[in-house]
Number of protein chains: 2
Amino acid sequence: MNILLIEDDKRISDFVLKGLQENGFNVHLSDNGVNAREHILSSEWDIILMDIMLPDIDGVELVKLIRYKKKNTPIIMLSALGDPEDKVNALDSGADDYLVKPFHFKELISRINALVRRTKLNYDKEQNIHQCGDITINTDEHKVLVNNKTIDLSPREYKLLLFLVENKNKVMPRTQILNNVWGINYDNNTNVVDVYISYLRNKMNLTSATLQTIVGTGYMLKDS
Amino acid sequence: MNILLIEDDKRISDFVLKGLQENGFNVHLSDNGVNAREHILSSEWDIILMDIMLPDIDGVELVKLIRYKKKNTPIIMLSALGDPEDKVNALDSGADDYLVKPFHFKELISRINALVRRTKLNYDKEQNIHQCGDITINTDEHKVLVNNKTIDLSPREYKLLLFLVENKNKVMPRTQILNNVWGINYDNNTNVVDVYISYLRNKMNLTSATLQTIVGTGYMLKDS
DNA sequence: AGTCACATGAATATCCTCCTGATAGAAGAT
DNA sequence: ATCTTCTATCAGGAGGATATTCATGTGACT
């Protein structure tokens, strides 16, 4: 799960970052509003944790911007301000939750889980998502992500990748790949599969540990 | 909006009930767990506000029961217990939010709104108004707006656009477009779809990032 | 009839994808 | 260690897909 943490106070961000990572979350840190905005608009996050007081942009304004841009990413505000007015203000601007510092770390984890659970209820039903390690394929949108970055693939590359993800952790012989991705049922001495595997490894920066070569047989995509 | 309030302390329930009603909510009160369970399982609620300490059933157990029964109704727990353990316990059992008494009424309203907003994101599609980014279609008036400017479309163009907006963020194969917009069920080697996509892009000034071409498949209208 | 808007198929240019075949390099066999 | 087999990668041409424009057909309305 990918979390964007927006926090300028290094003591706090160190603490939160470490704690989240220990709990198995994949966290990216932004320490200012401008940088955060870039990351929000260019990538897909499961959830955003945002300090309300940032050096350059007001957190509430940032939330409004995100919602204005039709981004529905879940947002939890973190703030030293415990005043009801501040809470109301943040929640009404589009944030989903508001947590007053200092907070207990366990509570943060539980609130993250609660919110993500609620969000996924809406989305996962409707979208067809395939995963394998860092790789995410959204077949509805025909979209491929590696570490939250969109990768452009040609139709054939896409079809091959999808086939490998659908059969992750299984060795796929060349013949079977040719059969399923190219529709070729006979052995015609081609090396297209090798070539396209190479394309994928390049475009997606896949190590040979992730997209393994099984010598004499074919290939296998490993789920970390 | 229909709210189920589960609270046995009459002083508090009076206060909350009155406040919610003044804010235009439609509220039903249950003052014990057994009665509440009946209402939860037999009716549809937009949101449930639940005291954690009830005379007959533990609130957390009630939440677990609701979730076990595959009811995804949003739940906010209200409790005098401010202990992190209690919060974690409640949230992890399936509650969406946790508010410690005494709370400010405005905060409760904001949290209710935030949660309902999050829950309804994908459900409340207004019948006559369709949106996608800058594009707004009012089917009652048969009117198309881009950035608040009216666009004149021919019947076929309109039908195609509406279909794409209704299926925004999903790749629509040419065959499916032909089927739904033209009523053609067989492949008759036509390029009308391409031509009309071109018309739309021109008339509406759509970038190829908004109305995307999915090479080898079809087209997709992207939100935001 | 004539005009107009619309729908459609065809034509063209452009761009991108796909595949082949060659070569270099890695892995495995003896 | 050497040879053989298998794999990785590259470059470039052929082919295919798409965008756009044009010409024709069709039906409604005047």
Side-chain angles (χ1 to χ4, degrees), chain A residues 142-144 150-164 171-222, chain B residues 142-144 150-164 171-222:
Chain A
H142 226 261
K143 198 173 184 181
V144 177
T150 304
I151 309 283
D152 276 331
L153 296 182
S154 80
R156 187 75 75 186
E157 289 160 355
Y158 178 85
K159 211 171 169 189
L160 171 59
L161 179 66
L162 190 58
F163 178 72
L164 291 172
V171 176
M172 288 293 118
R174 265 173 254 266
T175 53
Q176 204 170 333
I177 296 176
L178 274 171
N179 196 342
N180 282 279
V181 179
W182 273 264
I184 294 173
N185 295 305
Y186 53 94
D187 180 8
N188 69 339
N189 256 34
T190 176
N191 75 333
V192 261
V193 177
D194 302 48
V195 172
Y196 271 80
I197 291 285
S198 171
Y199 289 162
L200 285 185
R201 289 211 257 240
N202 265 322
K203 283 199 179 179
M204 305 175 65
N205 258 329
L206 301 178
T207 63
S208 54
T210 306
L211 182 36
Q212 297 185 0
T213 304
I214 312 301
V215 178
T217 309
Y219 298 92
M220 171 170 57
L221 192 62
K222 280 286 279 184
Chain B
H142 218 265
K143 203 172 184 181
V144 177
T150 304
I151 308 282
D152 276 332
L153 295 181
S154 80
R156 189 73 75 184
E157 288 162 353
Y158 178 84
K159 211 172 169 187
L160 171 59
L161 180 66
L162 188 59
F163 179 71
L164 291 174
V171 175
M172 290 293 117
R174 265 172 252 268
T175 52
Q176 204 170 331
I177 296 177
L178 275 171
N179 196 344
N180 283 278
V181 180
W182 274 264
I184 294 174
N185 296 305
Y186 51 95
D187 180 8
N188 69 338
N189 256 35
T190 175
N191 76 331
V192 261
V193 178
D194 301 47
V195 172
Y196 271 80
I197 291 285
S198 173
Y199 289 161
L200 285 185
R201 288 210 256 240
N202 267 322
K203 284 198 178 179
M204 305 175 66
N205 257 330
L206 301 177
T207 63
S208 55
T210 307
L211 182 36
Q212 297 186 0
T213 305
I214 311 300
V215 179
T217 309
Y219 298 93
M220 170 171 57
L221 192 62
K222 279 284 282 184

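The analysis underlying the following values was restricted to heavy atoms, covering all of them including side chains, and did not include hydrogens, waters or symmetry mates. Proteins get letters first, then strands, A, B, ... in listed order; numbering begins at 1 in each.
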> Is it true that a side-chain atom of B:Arg201 and a backbone atom of B:Leu211 form a donor plus acceptor pair closer than 3.5 Å?
Replying inline: yes
> Can you tell which of D:dA19, C:dG9, C:dC18 lies closest to the side chain of B:Val195?
Replying inline: C:dG9
> Quick one: B:Ile184 CD1 to C:dG9 C1', roughly how many Å, whole number?
Replying inline: 12 Å
>> If the cut-off is 4.0 Å, is B:Ser198 near the phosphate of D:dT18, judged by side-chain N/O to OP1 or OP2?
In response: no
> Out of B:Leu178, B:Ile197, B:Leu160, which one pairs with B:Val192 under the side chain to side chain contact (heavy atoms under 4.5 Å, CB included) rule?
Replying inline: B:Leu178
> Any idea which of C:dA7, D:dT18, D:dT9 is nearest the B:Arg174 side chain?
Replying inline: D:dT18
>> Can you measure B:Glu157 atom CD to C:dT8 atom P for me and round it to whole angstrom units?
In response: 11 Å
> Between atom CG in A:Leu206 and atom P in D:dT9, what is the gap in whole Å?
Replying inline: 11 Å
> Quick one: A:Asn189 CG to D:dC6 P, roughly how many Å, whole number?
Replying inline: 11 Å
> Between the two ends of the helix from C:dA1-D:dT30 to C:dT30-D:dA1, what is the bend in degrees, rounded to 10 degrees, where each end axis spans five pairs?
Replying inline: 30°
>> If I take atom OH in residue B:Tyr219 and atom C1' in nucleotide D:dA19, what distance separates them, rounded to the nearest angstrom?
In response: 8 Å
> Between atom NZ in B:Lys159 and atom P in C:dC6, what is the gap in whole Å?
Replying inline: 16 Å
> Is the gap between the ring centers of B:Trp182 and B:Phe163 under 6.0 Å?
Replying inline: no
> Could one point to a donor on the side chain of B:Asn202 or the base of D:dT21 with an acceptor on the other under 3.5 Å away?
Replying inline: no
> Between C:dA7, C:dC19, D:dA8, which nucleotide has the shortest distance from any of its atoms to the side chain of A:Asp194?
Replying inline: D:dA8
> So, does A:Asn180 use its side chain to make a donor-acceptor pair with the main chain of A:Gln176 at under 3.5 Å?
Replying inline: yes
>> Can you measure B:Trp182 atom CH2 to C:dA7 atom C1' for me and round it to whole angstrom units?
In response: 9 Å
> What does B:Asn191 touch in the nucleic acid at a heavy-atom separation under 4.0 angstrom: a base, only the sugar-phosphate, or nothing?
Replying inline: base
>> Here's a test of your reading of the structure: between B:Lys203 and A:Arg156, which maps to the more 5' nucleotide of DNA chain C?
In response: B:Lys203
> To the nearest Å, how far apart are A:Tyr199 OH and D:dT7 P?
Replying inline: 18 Å
> Taking it one step at a time, do B:Lys203 and B:Asp152 satisfy salt bridge (Lys or Arg N to Asp or Glu O under 4.0 Å)?
Replying inline: CA-CA 8 Å; B:Lys203 284 198 178 179; B:Asp152 276 332; over 6 Å; no
> Any donor-acceptor pair under 3.5 Å linking the side chain of B:Thr213 with the backbone of B:Val215?
Replying inline: no
> Taking only N and O in the side chain of A:Thr190, is any of them less than 4.0 Å away from OP1 or OP2 of C:dC19?
Replying inline: no
> Atom CD of B:Glu157 and atom CE of B:Met204: how far apart are they, to the nearest 0.5 Å?
Replying inline: 10.0 Å
> Is the side chain of A:Arg156 donor-acceptor paired with the backbone N or O of A:Val181 at a distance under 3.5 Å, no angle test?
Replying inline: yes
> Considering only D:dA17, C:dC18, D:dT7, which nucleotide approaches the side chain of B:Val215 most closely?
Replying inline: D:dA17
>> It should be established whether A:Thr213 places a side-chain nitrogen or oxygen under 4.0 Å from OP1 or OP2 of nucleotide D:dT7.
In response: no
